[in-house]
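Both counts, for ligands and for their atoms, begin at 1 and track the order of listing. Just so it is clear, the structure is predicted and the values come from calculations on it, not from any experiment. Residue numbers run from 1 in the order of the sequence given.
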Amino acid sequence: MVPPLPRTVIIDYYDSYTNNLLILFTQLYSDSEVLRKVVVIKADKYDWPTFRREVIPNTDCVILSPGPGRPDHPADIGFALELLREHPVPILGVCLGHQALGVAFGGKIMNTPKITHGHVVRVVPVSPPLGPFASPIWPAEANAGFDAVVYNSLAIDPASVPSELEITAWSDPQNGSEPTIQGLAHKEFPLWGVQYHPESISSTRGNSLLHAFLDKVHEFHHCPPVYPRLEKQIVSACTYRVAASAAPTRSTSPVPGLNPVREKARLQLAERRFGDLGKERETSEIYERVVRTETNRVGEIWLDGKSPSRPTTTSLTAPTFVITYALSTRTVNLYTPANPETPAASLVLHGGETFWSWFNAGQSALAEKVDGEAGGFRGGWVGWFTYEMKEESLAGYRRPPQAVVERVDAVWSWSDKVLERREDGEWIARAVIADSGSPTGADMLDWLHSNGVEFGVSAASADEFISKAEDALKSAPQPFTTPTPAFPQFRPRISGETHMSRIDACREAIREGESYELNQTMSFIATLPPDSDRYATYIRLRRFNPAYYSTFISFPGILTPKGRGLHVLSSSPERFLQIIGDVIEMRPIKGTARRVQPGQCVCVPGRGCGGTDKGSEACIAEAKYEDERRGKELSEDLKERAENLMIVDLIRSDLLSCCVPSTVKVPQLIALESYGVHNLVTTVRGTLAPQIGAVEAVKRCFPPGSMTGAPKLRSVQLLDDFEEHYPRGIYSGALGYISLCGSADLSVVIRTMVLEGDQLSIGAGGAITWLSEREGEWKEVLTKVQSVVGPLEGL
Ligand SMILES: C=C(O[C@@H]1C=C(C(=O)O)C=C[C@H]1O)C(=O)O
Ligand SMILES: NC(=O)CC[C@H](N)C(=O)O
C-alpha cells in the first residue's frame, strides 16, 4: 500500500538530475498531490539556522540530491552534515547526498576505483537485507541484484565506514572493478543513502526505493491518515513548481479586480494554400523573387530545413523589424527598415527584469490575442539567443566580469508575412492581419508600439503579399545563375595542442567529482573575401551539407563588435526544443561518427574493389557496408551511449521545470540517425504546464544541455574558465522561430557559420568524459567542422 504523501523537501545541490526524482513520485502519486506536497529547494536558499527554524517544523522528510563537488566541501554541501547529524526527520541521500551521510558520521571520501558516469551497473543488496532493502515494500527478488545507473567519481572509503552506519548494498564485482559501496543506512535513525541514481531513465527499481523510504517516513510519524499541506513560504521557494513562478512578469494590464474586458485588438491568422501550383519549383528561386525583392524589411530569413531523408517545412520571410539585446548594458535596440543601420529606439531593462521575462511577457500577451489555428510558424519571431544569454537564464550562475565590448547577445526579428513550403512541396502564403489595431498590454508591446511598430498588417496588404507569392509561383522558371564560390579556408583559433590540454583539464575536473561530462568547444575562423556574396555562400552550404535545421538569416544593418552586418549560415541537425500546442519536445544529440562520403572508396586489398576500381558495384557495396558498420559501432559504443544518457537525464530534468511532472517521457532512447555524420539521438517529450509561455519554457531549458555537459551549472562555470571566457556567441545557443501563436521550433546552434562584418567563424566541440581520449576528441572536432566547411587550413 502506498502511504499518504508526506511533505517532502528535496534539497538541490545544483544538480541536473534532481527534478527527475519527481518522476518517481508521480509513479506513486498524482501530479496534483506531488505539486502540493513535494518541493525542490536550492541548497543555498536557506542557511542552517533558518532551515531548522522555518522549514524543518513544516516538513516530514528530506531528500538530499546528487550534485557536483564533494560532501566534505562546505561550499558544495551546505548544511547537510548538520542536518544529518541532527536528523529531525527521515532523510534519503542520493549520490552526493549519500556520500554526505557517510561523511557526517566520520566516513572518508575516496576516488572510486573505476570512475563511471552514465553506465548501468549491477547493485547487489547485502544479505540479510538492511535499510531500504529490508523494507516489506522492497521486492525481495531485487535483492539478488538490480540494474542502476551511476554518475560518480567519488565514493565512501569502505575502510572508513563509521560504526553507527551499515553498508546496505555493493556494486557487483562482475562490473569489472573492485566493488564500491552503493548503499548506507544508519543503524538507529531513519537515514539512508544510495550511491547510484534511482531517478535515471535507465535505472530499475527507482520507485520501489522511494516507496520504501516513504513507508519508513510514514512509520516514523506514526502513520497519520493524512499529512498537512506545505507552508506557503516553502512553496514559494520551490524551483520546479511551475504555476507558482511562471506568472507573466510586470504585465501592465488588465487592472486587477475587474473582469477582463476582451480587448479590441485581435490578430487574425490568414492563409492561402496554393495546391499544386509551383510544387516543382526550386525554393531558392521563389525565395529570391518573394523575399529578396521586398523593400520594407530589415533582413531576410530562410528557415530551410533541407534534410536529405527527413522532410521538413520551409519558411521564407522578410522581417519588418528586429530587436537586439546586449547583456553588458542590458540594452534592447530596435532596428526598423526606415534606417536599418541606426537603432530607432533603445531601452534599458531595469530591476529584476531580464530580456527573457520582458520578451516572455510580450509574447504571452500577443499569443492571447491570436485568432486562428495554432501550430507551426504562423508569423511572429525568428532569431536566436546566444550562449551568453545563460547569464540571465541559469539560476545560480556566477556572472563573469562584464564584457567591455557591447556584444549582440540576442536577436529577434518580427514577420507578419510568411511563405511556407510544406513537407509535401505545397506552398502556403500566411499573414497576420490586424484590422482592429495593434495589440498592447505588456511592457514590450507598449514600448514597441510607442516607437511606431505595428504587429500585423491590413487585410489589403495581406492580399498583396498573397498575389506576389502567387505571381512568383506562376512565373516562368529561371535557372539559378548566382555563382557559388568555394568556402574560404578556416583555421583553428587555438591550436589542437591547446584544445587537447583543455581536454586534460576537463578530465581532471571530472576526476575530482566537479562534473560528469563537459562539452568543451573551440572555434575556427576565416575572412570572407571582399565582394563575396553571403547568400551564395549559403546556397553552397545547403548543397554541401543539407541538414534538418538548415537556415539562412541575414541582418546587414546590425552593428557587431567585428563590423556591420550579422548573418547566420546554419546546417544544424539538432533540435533544441519544439512546442506545438502544449507538447514540448527536445532531441539531444550525443555521439558522433564519421560517415563514408558519397563516391568515397573505402576498399582495402581483399575487400570490395580492393582499392583498384573506384565506383564499381563492389566498391559501392563495400562503402555501404562500411558506412553501416560505423553506425552500428557507434550505437553499441558504451562510452557514446553513456554520453547520450547523461544528457538525456539532464534534459528530462530541464523539461520537468516547465512540464506537468508525470508527462515527461522518453519515447525514443539513443537511436541512430545518419545524415552528414552518424549521430545518436534521443527524444524527450512532455506537456507544458499551464501559464508557461514559449519564451519562459526556452529559458528554463537554456542553454541546451548538449552544449554544456552535466551538471549544467557547474559544468558551464568550469567551461567558461577553460575556454578563457571567449564568448561562444550564436554557436551553442538556440535559433529558430517562436510563432506568435506560441508554437516554437529552435535548433541547437552547431555546424553553423556566423558572419559578423567580414569575419566568419564556426564553433565545434564535443562531450568530454572520463573515458575521453584527447586525440580522438580532437579528431571528432575536426570531423564536425569539415562536415560543414570542407578542408581546413594547415590541417
Ligand atoms: C559540440 C558540438 O556538438 C554537440 C556534441 C555532440 C557529441 O559530442 O557527439 C553531438 C552534437 C552536439 O550536441 C558541435 O557540433 O560543435
Ligand atoms: N552524481 C553525484 O551526486 C556525484 C557526487 C560526487 N560529485 C561524485 O562525483 O562522486
With a 4.0 Å cut-off on heavy atoms, is [X] in contact with ligand 2?
{"X": "His98", "answer": "no"}
{"X": "Tyr13", "answer": "no"}
{"X": "His197", "answer": "yes"}

Please write down residue, atom name and distance for the protein heavy atom closest to [atom].
{"atom": "atom 12 (C) of ligand 1", "value": "Glu574 OE1, 3.2 Å"}
{"atom": "atom 10 (O) of ligand 2", "value": "Leu154 N, 2.9 Å"}
{"atom": "atom 2 (C) of ligand 1", "value": "Gly765 O, 3.5 Å"}
{"atom": "atom 8 (O) of ligand 1", "value": "Ala767 N, 3.2 Å"}
{"atom": "atom 7 (C) of ligand 1", "value": "Lys784 NZ, 3.2 Å"}
{"atom": "atom 5 (C) of ligand 2", "value": "Gly67 O, 3.2 Å"}
{"atom": "atom 2 (C) of ligand 2", "value": "Cys95 SG, 2.8 Å"}
{"atom": "atom 16 (O) of ligand 1", "value": "Tyr731 OH, 2.6 Å"}
{"atom": "atom 4 (C) of ligand 1", "value": "Lys590 NZ, 3.5 Å"}
{"atom": "atom 9 (O) of ligand 2", "value": "Ser153 N, 3.0 Å"}

Quiz question: by atom type and distance under 3.5 Å, do the side chains of [X] and [Y] form a donor-acceptor pair?
{"X": "Lys590", "Y": "Asn679", "value": "no"}
{"X": "Asn152", "Y": "Tyr516", "value": "no"}
{"X": "Arg714", "Y": "Ser515", "value": "no"}
{"X": "Arg728", "Y": "Thr521", "value": "yes"}
{"X": "Thr180", "Y": "Gln182", "value": "yes"}
{"X": "Ser153", "Y": "Glu512", "value": "no"}

> Could you go step by step and tell me if Tyr196 and Phe146 meet the ring pair (Phe, Tyr, Trp, His ring centres under 6.0 Å) rule?
Replying inline: CA-CA 11 Å; Tyr196 66 91; Phe146 59 96; 5.4 Å; yes
> Hey, which atoms in ligand 2 end up nearer than 4.0 Å to a heavy atom of Pro66?
Replying inline: 1 (N), 2 (C), 3 (O)
> At a 4.0 Å threshold, what atoms of ligand 2 neighbour a non-hydrogen atom of Gly69?
Replying inline: 6 (C), 7 (N)
>> Would Arg511 and Asn111 count as a side chain to side chain donor-acceptor pair (under 3.5 Å) here? Give the steps.
In response: CA-CA 8 Å; Arg511 197 184 65 78; Asn111 256 112; 3.1 Å; yes
>> Assess the residue pair Phe524 and Phe490 against the criterion (ring pair (Phe, Tyr, Trp, His ring centres under 6.0 Å)); give the C-alpha distance rounded to whole Å, side-chain angles, the decisive distance to 0.1 Å, and a yes or no.
In response: CA-CA 6 Å; Phe524 293 74; Phe490 283 77; 7.9 Å; no
Does an N or O anywhere in [X] fall below 3.5 Å from an N or O of ligand 2?
{"X": "Val94", "result": "no"}
{"X": "Leu96", "result": "yes"}
{"X": "Asp15", "result": "no"}
{"X": "Tyr516", "result": "yes"}

>> If the contact criterion is a heavy-atom separation under 4.0 Å, does Thr521 count as touching ligand 1?
In response: no
> Is it true that Glu640 lies under 4.0 Å from ligand 1, counting heavy atoms only?
Replying inline: no
cation_pi([X], [Y]) dist<6.0 Å, angle<=45:
{"X": "Arg540", "Y": "Phe487", "answer": "yes"}
{"X": "Arg493", "Y": "Tyr726", "answer": "yes"}
{"X": "Lys42", "Y": "Tyr14", "answer": "yes"}

>> Assess the residue pair Tyr240 and Asp12 against the criterion (side chain to side chain donor-acceptor pair (under 3.5 Å)); give the C-alpha distance rounded to whole Å, side-chain angles, the decisive distance to 0.1 Å, and a yes or no.
In response: CA-CA 11 Å; Tyr240 84 92; Asp12 176 25; over 6 Å; no
> Are any of the N or O atoms of Met707 closer than 3.5 Å to those of ligand 1?
Replying inline: no
>> Does ligand 1 come near enough to Ile750 that some N or O of the ligand is less than 3.5 Å from an N or O of the residue?
In response: no
>> Quick check on contacts: which atoms of ligand 1 are under 4.0 angstrom from a heavy atom of Ser706?
In response: 13 (O)
>> With a heavy-atom distance limit of 4.0 Å, tell me whether Asn519 approaches ligand 1 through its side chain, its backbone, both, or neither.
In response: side chain
>> Apply side-chain contact (heavy atoms from CB on, under 4.5 Å) to residues Val716 and Tyr387 and explain how you reach the verdict.
In response: CA-CA 10 Å; Val716 155; Tyr387 180 68; 3.6 Å; yes
> Hey, is Gln99 touching ligand 2 through its side chain, its backbone, both or neither, going by heavy atoms under 4.0 Å?
Replying inline: side chain
